[in-house]
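Report on the structure given below.
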Amino acid sequence: MSEPFYVTTPIYYVNDKPHLGHVYTTMIADVVARYHRLRGDDVFFLTGVDEHAAKVADKAAENNLSPQQWADRNAAAFREVFEKLEMTNDDFVRTSEDRHKQKVTEYVAALLKSGDVYQGEYEGWYDAGQEEYVPENKAKASEYKSEVNGKPLVRKSEKNYFFKLEKYRDQVIRAIEGGEMVVKPDARRNEIINRLAEAKDVPISRSGSGGWGIPMPNDPKQTIYVWIDALFNYLSYIDTPERKPYWQSGATHFIAKDILWFHASIWPAMLMALRKCPGYEWVNLPRMIYSHSYWVSETGQKMSKSLGNFLDPQAIDNYVKEFGLDALRYFLATRGPLGTTDSAFSPDLFAEVYNSDLANTFGNSCSRVTNMIGKYFEGKVPESPGDNWMPGKSQRFSDVLRAYGNLYKEDNASLNLSSSAHRGLEIVRLVDSTIDIEAPFKLAKEPANLPRVGNILCNCLESLRIASILLWPFIPDACELFWERIGCDYAAQMKASDGKGKLDEWVKWGQLKPGQRVETGTALFPRYQVK
Ligand code: MSP
């Protein structure tokens, strides 16, 4: 039975073009989506753009365009980058679409009716770049400047509608502490719990947005606050009879630390409030909010549009041209800021990781083994009369690889992507050390040794086959090419079953058939010469 699995990214502001930070979050969500498809899960992966921000309207005005025209242009740029990078999202959110606006109107109307949204007056410190009010103590601590871009906060007051966050804050804390909604990494969870304990009701509407946004259902002069509009995307896009099971399976939301507060406080509280409204009893909480850290420049500054130090689509494209798309995926997913520390994006490190992990390890090992099979066995999987003992004869490949496969699944369940990729690489390293120790290329000089050589190469190829399955979510293009060369039709099987794979079945030891054709072809990852 395939299980539904729902994974999302933030929806990105369209005031400007996409950059590496946006690509990163969508990329890791894509790796996770691919892993779940490989397992045979029924995956829904959502990414997209957030259009109704005041800064989108401002940028549009600067460029003499309507907000919608400006949003159309940049939404297209995001879509294009994600398509180019072969992201496998199942839909693409645009908050200016009617299907989203209608649903958000319905949700807010339900909350007005239940009384969890009410009219009031708000005054506070506003961070215009982040489109967010900053609590008094935080504003003071940062000397009334934006923590993100350093610009002065502005004092703002307005009449608007409020959501009763205070009423739900203890329930949200309990949901986090009890594990109903997991907030990761742990260090960030404590920050949120402390802040939640003090949470007050929050404004959810604005006046004077010039009509850019979704009107309050009962008061069209007010516009639904862009953050409320945006958070609802996770629900609005799958609030259809066919897609609902994805929501109910418990969403995994990938975000960065800058927007954890909204996701771990207001969002679950609104869902709790909505669940009490007639017709929304099916609404549960997300299963996981994963907040990663930032890519920073080599000098340690956050990469961002406002700082102008980000890798733009052109720069990203240059990496893809030079190293291939798999290399970009692999680097971002294994060396990125998934934990609580920021990662510096360095071209030298990129090239080093490419050479060490992809060219010299996976790529090289595949070439070595298939080359020898070509040379000594006419490019056919040899008969393997022997066993699968590893050199030293204390362990069998089949047992060791089964253990790696289990660890791989644990790593993926806890979203430890770097460790998960390394399980595949560790298998490749076993193959390399087997070849170094057994030296089949020397043994093969003596025809009487050929059965033994066949046995060694069979074990190596079988191990590489399994490694390539584990590595597929990270470097799908290279793995699919390798499968083609060794006569495995996994890609076709996935295609034929709506993307679903059979991880558990495929990683079982001993599936290569003697006589099966094996081709070497060109290097999967040609070594990069530093210029
Ligand atoms: N529109 C809101 C999100 C609404 S979600 C309901 C928003 N948009 S944003 O364009 O500013 O994108 C923020 C997200 O982009 C971060 O949470 C993160 O996922 C990604 N990143 C932006 N810059 C980044 C880095 N320098 N490093 C890593 N990820 C970064 O906030």
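Read the numbers this way: they start at 1 and go in the same order the structure lists the ligands and their atoms.
Each of the atoms 19 (O), 28 (C), 29 (N) of ligand 1 lies under 4.0 Å from some heavy atom of H292. Of all the atoms in ligand 1, the ones that sit under 4.0 Å from a non-hydrogen atom of I259 are 3 (C), 17 (O), 31 (O). The contact set between ligand 1 and A230, taken as ligand atoms under 4.0 Å from a residue heavy atom, comprises 6 (C). Using a 4.0 Å cut-off to heavy atoms of S293, the atoms of ligand 1 that qualify are 28 (C). Of all atoms in ligand 1, numbered sequentially from 1 with element shown, those under 4.0 Å from a heavy atom of Y294 are 25 (C), 27 (N), 28 (C). Near D50, meaning under 4.0 Å from any of its heavy atoms, are these atoms of ligand 1: 1 (N), 2 (C), 4 (C).
Of the N or O atoms in Y13, one or more lie within a sub-3.5 Å distance of an N or O in ligand 1. Residue contacts with ligand 1: P10 is placed with no nitrogen or oxygen under 3.5 Å of a nitrogen or oxygen of the ligand (distance criterion only).
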Assess the residue pair Y280 and Y107 against the criterion (ring-ring contact (aromatic ring centres under 6.0 Å, His included)); give the C-alpha distance rounded to whole Å, side-chain angles, the decisive distance to 0.1 Å, and a yes or no.
CA-CA 9 Å; Y280 293 103; Y107 302 148; 5.7 Å; yes
Verdict with reasoning, F331 to F345, per ring-ring contact (aromatic ring centres under 6.0 Å, His included):
CA-CA 10 Å; F331 180 73; F345 192 98; 5.5 Å; yes
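For the pair L311 and A315, the tightest heavy-atom approach, listed with the atom from each and the gap, is CD2-CB, 3.9 Å. When all heavy atoms of F474 and V31 are compared, the closest pair comes out as CE2-CG1, 3.8 Å. Between I28 and F254, the shortest heavy-atom contact is CD1-CD2, 3.9 Å.
Heavy-atom separations between Q130 and ligand 1 are all 4.0 Å or longer. In this structure, K257 falls outside the shell of residues with a heavy atom less than 4.0 angstrom from ligand 1.
Here Y234 has side-chain heavy atoms under 4.0 Å from ligand 1, and that is the only part of it that gets that close. With a 4.0 Å heavy-atom cut-off, ligand 1 is reached by the side chain of W227 but not by its N, CA, C or O.
Under the 30°/60° scheme for interplanar angles, the aromatic rings of Y354 and F525 are found to stand perpendicular.
Annotation: cation-pi geometry satisfied between R206 and Y225 (NZ/CZ under 6.0 angstrom from ring centroid, within 45° of ring axis).
Looking at heavy atoms from C-beta onward, V14 lies in side-chain contact with F78 at the 4.5 angstrom threshold. Using a 4.5 Å cut-off on side-chain heavy atoms (C-beta onward), L417 and Y35 make no contact.
In this structure, of N15, T25, D258, the residue bringing a heavy atom nearest to atom 19 (O) of ligand 1 is T25.
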